[in-house]
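I have placed the structure first, in the form of structure tokens, so that the comments after it can refer back to it.
Only this structure's heavy atoms are used, side chains among them; waters, hydrogens and symmetry mates stay out. Throughout, protein chains are lettered first and strands after them, A, B, ... in sequence-line order, and every chain is numbered starting at 1.
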2 protein chains.
Amino acid sequence: MKEKTKAQDICEELGLKLTPQRMAILGYLDGNTSHPSAEDIFAAVSRRFPGMSLATVYNTLASLKEKGKLLELTIDPAKKRYDPDTRPHHHLICLDCKRVSDIDRAFDLEIPDSLRNGFQITGNHIEFYGYCPECKGAAVKR
Amino acid sequence: MKEKTKAQDICEELGLKLTPQRMAILGYLDGNTSHPSAEDIFAAVSRRFPGMSLATVYNTLASLKEKGKLLELTIDPAKKRYDPDTRPHHHLICLDCKRVSDIDRAFDLEIPDSLRNGFQITGNHIEFYGYCPECKGAAVKR
DNA sequence: TATCAATTTAGAATTAATCTAAATGAAAGA
DNA sequence: TCTTTCATTTAGATTAATTCTAAATTGATA
């Protein structure tokens with residue numbers, strides 16, 4: 001009997017067809033903590049799957065995001081980054097190389113009504129910034 | 001004796017020439033809490049100053065940002081937003097209309113070395129998201 | 001196996017942002 | 001005040017990310 005992959009599980013759960021392109025994208029994202037951009041995903045998946053379209057990457061990301069299986073991070077000024085870990089957590093971005101790293105820790109961010117400006121708050125995300133181990137040394141010169 | 005505007009003060013402090021375009025942009029930004037995009041600024045300033053170029057807006061924003069007189073916010077997925085209030089503070093974004101509101105409150109966001117992943121952390125920014133007073137009602141239908 | 005709707009595809013279109021090179025103009029010195 | 005100079009402005013081209021379009025393909029179901 002064939003093993004079922006996580007990618008297959010996800011597609012079935014979401015009611016999406018099991019296409020090879022989708023399997024490859026989901027396989028690449030599974031457990032991936034590099035917070036890749038659409039272009040990164042396209043480059044990686046294209047290597048094993050030549051001829052695929054960048055549009056397919058965007059289509060698949062849109063479906064996953066819509067169904068809550070993927071976070072779209074607005075943290076890199078140049079482009080969107082994606083995170084398959086949808087549990088609440090925060091991020092650390094290197095100001096130099098833009099590497100994004102996870103911060104798995106909860107913070108108490110209660111806000112009194114008086115500061116909410118009438119908003120209904122549904123979530124939060126902390127962006128820590130600084131320099132990654134590789135860029136830290138070079139940062140001295142700045 | 002002529003009064004000196006804040007815009008003039010800033011230009012002198014930064015060693016920038018006092019051009020009418022710059023004065024208009026700085027005047028528009030002074031005390032502005034709407035977190036405008038470059039396009040917003042261009043639209044507003046063009047009204048009083050027809051014929052100016054969008055490139056001038058980008059040039060001026062780049063100068064101000066570089067000199068630490070302006071924050072570039074990476075909070076709206078569609079475009080950069082700018083904030084003339086450079087004191088540390090956080091933001092609240094409406095998921096519907098993308099309105100951005102200030103949260104003037106300090107949070108204790110100490111991170112133990114063990115969670116820093118080798119990064120040198122230099123700052124942080126919290127993005128709260130939810131629905132603004134105007135969009136809150138409509139949110140029920142979602 | 002036939003059907004049908006979902007998906008993929010290439011490429012065009014859109015949009016934000018940056019770049020370029022020529023024209024302009026603010027400011028400092030003569 | 002007049003010159004000179006260099007920063008700034010400008011229009012338009014360019015780049016890069018993302019979205020859209022319409023035709024071809026294909027997975028899933030009957």
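Of the N and O atoms on the side chains of B:Asn124 and A:His90, not one donor lies less than 3.5 Å from an acceptor on the other residue. Of the N and O atoms on the side chains of B:Asn59 and B:Thr56, not one donor lies less than 3.5 Å from an acceptor on the other residue.
Between B:Gln8 atom CD and C:dA27 atom C1' the separation is 14 Å, expressed in whole Å. One interatomic measurement links the two molecules: CG of B:Leu61 to P of C:dA17, which rounds to 10 Å at whole-angstrom precision. Across the protein-nucleic acid pair, B:Leu18 atom CG and D:dT8 atom P stand 10 Å apart, rounded to whole Å. Here the C1' atom of nucleotide D:dT8 and the CD1 atom of B:Ile25 are 11 Å apart, to the nearest Å. Rounded to whole angstrom, the span from the CG atom of A:Leu26 across to the P atom of C:dT7 amounts to 12 Å. To the nearest angstrom, P of C:dA26 lies 19 Å from CG of B:Leu14. Residue A:Met23 contributes atom CE, which lies 13 Å from atom C1' of D:dA28 at whole-angstrom precision.
Note on A:Leu26 and A:Leu70: same hydrophobic cluster, where clusters join Ile, Leu, Val, Met, Phe, Trp and Tyr whose side-chain heavy atoms are under 4.5 Å apart, directly or indirectly.
The side chain of A:Leu16 approaches C:dT7 more closely than any other nucleotide in the set C:dT8, C:dT7, D:dT19. For B:Arg22, the side-chain atoms get nearest to D:dT9 when compared with the rest of C:dT7, D:dG27, D:dT9.
Relative orientation of the A:His91 and A:His35 rings is perpendicular, given thresholds of 30° and 60° on the angle between their planes.
Within the 4.0 Å cut-off from OP1 or OP2 of C:dA26, not a single side-chain nitrogen or oxygen of B:Thr19 is found. B:Lys79 has no side-chain polar atom (N or O) that falls below the 4.0 Å cut-off from OP1 or OP2 of D:dA16. Contact annotation: A:Lys17 does not reach the phosphate of C:dC4 (side-chain N/O to OP1 or OP2, under 4.0 Å). A sub-4.0 Å separation between OP1 or OP2 of C:dT9 and a side-chain N or O of A:Gln21 is present.
As judged by a 4.0 angstrom heavy-atom cut-off over every strand, B:Ala62 is placed among residues making no nucleic acid contact.
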Practice problem: Please test B:Val57 against B:Val45 for side-chain contact (heavy atoms from CB on, under 4.5 Å), starting from the C-alpha separation and ending with a verdict. | Solution: CA-CA 9 Å; B:Val57 173; B:Val45 175; 5.8 Å; no
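Using a 4.5 Å heavy-atom threshold, the side chains of B:Asp85 and B:Thr33 count as separate.
Closest approach of A:Cys11 and A:Met23 over heavy atoms only: SG-CE, 3.4 Å.
Residue order along DNA chain C, read from the 5' end via each residue's closest nucleotide, puts B:Lys80 first among B:Lys80 and B:Pro20.
For DNA chain C, the neighbouring residues in residues 36-59 of chain B, judged by any heavy atom under 4.0 Å, are B:Ala55, B:Tyr58.
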